[in-house]
**Q** 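The structure is given below, and queries will be raised subsequently.
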Amino acid sequence: MLGPLWQGRRIPLAWLLLTRQPVRLLVALAGIAFAGILMFMQLGFRDGLFDASVTIHRLFDADLVLISPRSSSSVSMAGFPRRRLVQAMADPAVEGITPVHWNLLLWRNPENRATRSILTLGFEPSDPLFIDPTLQPKAKLLQDRGRVLFDERSRPEFGPVAEWFRQGCTVESEIGGKRVRVAGLVALGTSFGADGNLLTSHETYLKLLPNTPPGSSEVGLIRLRPGSNAAAARERLQRQLPDDVTVLTKDGFIAFEQNYWRTSTSIGFIFTLGAAMGFVVGCVIVYQILYSDVSDHLPEYATLMAMGYRLPTLLGVVAREGLLLATFGYLPAYAAGQGLYLLVRNATQLPVTMNTTRALTVFTMILVMCMASAVLAMRKLGDADPAEIF
Amino acid sequence: MVLVSGLRHSYGSGSMRRQVLQDISLRVDPGEVVLLTGPSGCGKTTLLTLIGALRQVQEGSVQLFGEELRDASRSSRLNLRRRIGMIIQGHNLLRCLTAEQNVQMGADLLQGVSYRARRDRSREWLRAVGLSDHLGKLPHDLSGGQKQRVAIARALAARPQLLLADEPTASLDSRTGREVVELLKSLAKDQGCGVLMVTHDPRILDVADRLVQMEDGQLSQGAYAIE
């Protein structure tokens, strides 16, 4: 099978055209790699944003979630009567509930006294909150008043809380003028909406936010009995409960948050536009390279046509140049993308990672970019007139 | 092999119309070396491009290997071109290819010949033109005469039945020029290949089986006449 192909091979003209002009090739590859990196970064930020906006949402130990219909996103959660959660207990499929307070409060950096808003969750320490079982023993520490669990993955602007705590210091700070003490550390992660996270007890939360109407909650977690159908239970509860609550599945809760960032802010659009610009820049660069390559070699192409090479064969040479450029421009873009993602992860704590879908998307974009440019440059080949060679 | 009769050709249109060839009749037989001489601008190159199927025939008839070129489609002209070897004054080698690869571009036109055979063929022809020491050199590193010889090897590697040459010895010294012309002549004799050569070089006129003079778009002597 391979034998005849191997024996049928020709001079790799496209390869030689590119590699015998190393400077031009390097410029082309740098341009393509740049466009690829741009697309990787923009798409990475966009996906990272959508992922990061639900860092906390994913952690909840819940099958269904109650929220207020007035809530629009994690940065503006409204309260609903906690009675609804208790009413939900009446459903035979419901096994347990956890009312959760959810708000952004001002945390004072214990080192430099600057304040910054931090996502604070208030819950009954005996209730299950997260899927992660390691929280349970730490939650007991919250039973004392004025104690909080600090997210060690919070941005450094909140102060060196985790470091001090690990060194054995007693870390105290202020929230809304009330003194709190860090009782332990948890590892949750930041999101675009929240730069840091704080867990505290229901009681402490009410002390920090005395204006919270009693008997209200921002988020209600509902756990179903094993084997229950979450979608059916959601329908049933939504029908039974008054319309001052919205019942979501956990996936629906995640989608609700992502949808806010996707549709109600310009962020998704901006990053998609950024990726599109990378695409256009790449197109221009590759087109320039291929066009000047064809122009420079026009007499040689004309000679080949005079010798009896068909136009499609020569178009194939240009197409192969495009293919080679795409492949060899993509590899450094991929490598640089990996490196920059690591950099972004370290600098922003956002979950920006390379995934197969994005790697393939960017490769497809680069391929389309190079082939489209090749097709445009091919039109120049029509100018090659074999009668002019003499 | 080549049969031209009543060929007229002109460039431009209307008042700018300029007649380049007038009523040309010419014949090249297999194994025959025909030399075409004449002052520059007399239409020799136009005649070569017409016979080489590079240009559309306007008036008159050009038959190549028994096929009429007038009104021939692009693709049938292209197929005919594969049977013609062309040696061009500007040699037009591919700058990015080595001497050997350039010659192999000619050999690659052969259908159903294995890579190894095509490569060996290329090397053989380069050896025949005395360039076996320069296989891996780029055109940039070759002298004008060496480039010309690569172009000749390239034309011959495609196993042509007709060879059209425009001043093939122009950039060669008299000894290599002589060798190249002898080579072309022996090829013509051995393989029954017709050769039509445009030249100004008086040193090689003796290799011709037939000499054709051209002036002002006309052949001054009957092309069939001398032998």
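Order of the sequence lines sets the chain letters (A, B, ...), proteins ahead of strands, with each chain counted from 1. The structure displayed is predicted, hence computed values, not measured ones.
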**Q** Should the heavy atoms of other residues, nucleotides or ligands under 6.0 Å from CD of B:E215 be counted, would the total exceed 12?
**A**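 No, the 6.0 Å shell around CD holds no more than 12 heavy atoms from other groups.
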
**Q** Let's test your reading of the structure: which of B:R55, B:E167, B:R119, B:M105 forms the most heavy-atom pairs below 4.5 Å with chain A?
**A**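 So the answer, after comparing B:R55, B:E167, B:R119, B:M105, is B:M105.
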
**Q** Where on B:L50 is there a heavy atom nearer than 4.5 Å to chain A: the side chain, the backbone, both, or neither?
**A**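 Interface part for B:L50: neither.
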
**Q** Atom CZ of residue position A:F269 - does it have more than 12 heavy atoms of other residues, nucleotides or ligands inside 6.0 Å?
**A**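 For A:F269, atom CZ is not crowded (no more than 12 foreign heavy atoms under 6.0 Å).
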
**Q** Any donor-acceptor pair under 3.5 Å linking the side chain of B:Y115 with the backbone of A:I11?
**A** no

**Q** Is a donor on one side and an acceptor on the other found under 3.5 Å between the side chain of B:R81 and the backbone of A:M307?
**A**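 Side chain of B:R81 to backbone of A:M307: no pair is present.
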
**Q** What are the two closest non-hydrogen atoms of B:L94 and A:E300, and how far apart are they?
**A**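 Residues B:L94 and A:E300, closest heavy atoms: CA-OE1, 3.5 Å.
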
**Q** Measure A:L311 against the heavy atoms of chain B and call it side chain, backbone, both or neither at under 4.5 Å.
**A**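 No part of it gets close to chain B.
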
**Q** Checking heavy atoms, do the side chain of B:T98, its backbone, both or neither come under 4.5 Å from chain A?
**A**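 Both the backbone and the side chain of B:T98 come within 4.5 Å of chain A.
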
**Q** Under a 4.5 Å cut-off applied to non-hydrogen side-chain atoms, are A:Y309 and B:D108 in contact?
**A**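 In short, these two side chains touch, coming nearer than 4.5 Å.
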
**Q** Taking CZ in B:R70 as the centre, count heavy atoms belonging to other residues, nucleotides or ligands within less than 6.0 Å. Is the count above 12?
**A**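 More than 12 within 6.0 Å, yes.
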
**Q** Taking the side chain as C-beta and beyond, is there a heavy-atom pair between B:R95 and A:L16 under 4.5 Å?
**A** no

**Q** Please report the closest heavy-atom contact between B:L78 and A:R310, naming both atoms and the distance.
**A** CD2-CG, 3.1 Å

**Q** Are there over 12 heavy-atom neighbours, none belonging to B:D216, within less than 6.0 Å of that residue's CG?
**A**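 Atom CG in B:D216 is not crowded, with 12 or fewer foreign heavy atoms closer than 6.0 Å.
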
**Q** Would you say the side-chain atoms of A:R20 pair up with the backbone N or O of B:C96, donor to acceptor, closer than 3.5 Å?
**A** yes

**Q** Heavy-atom pairs under 4.5 Å with chain A: which of B:R74, B:R118, B:Q104 has the most?
**A**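 Answer, by heavy-atom pair count under 4.5 Å with chain A: B:R118.
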
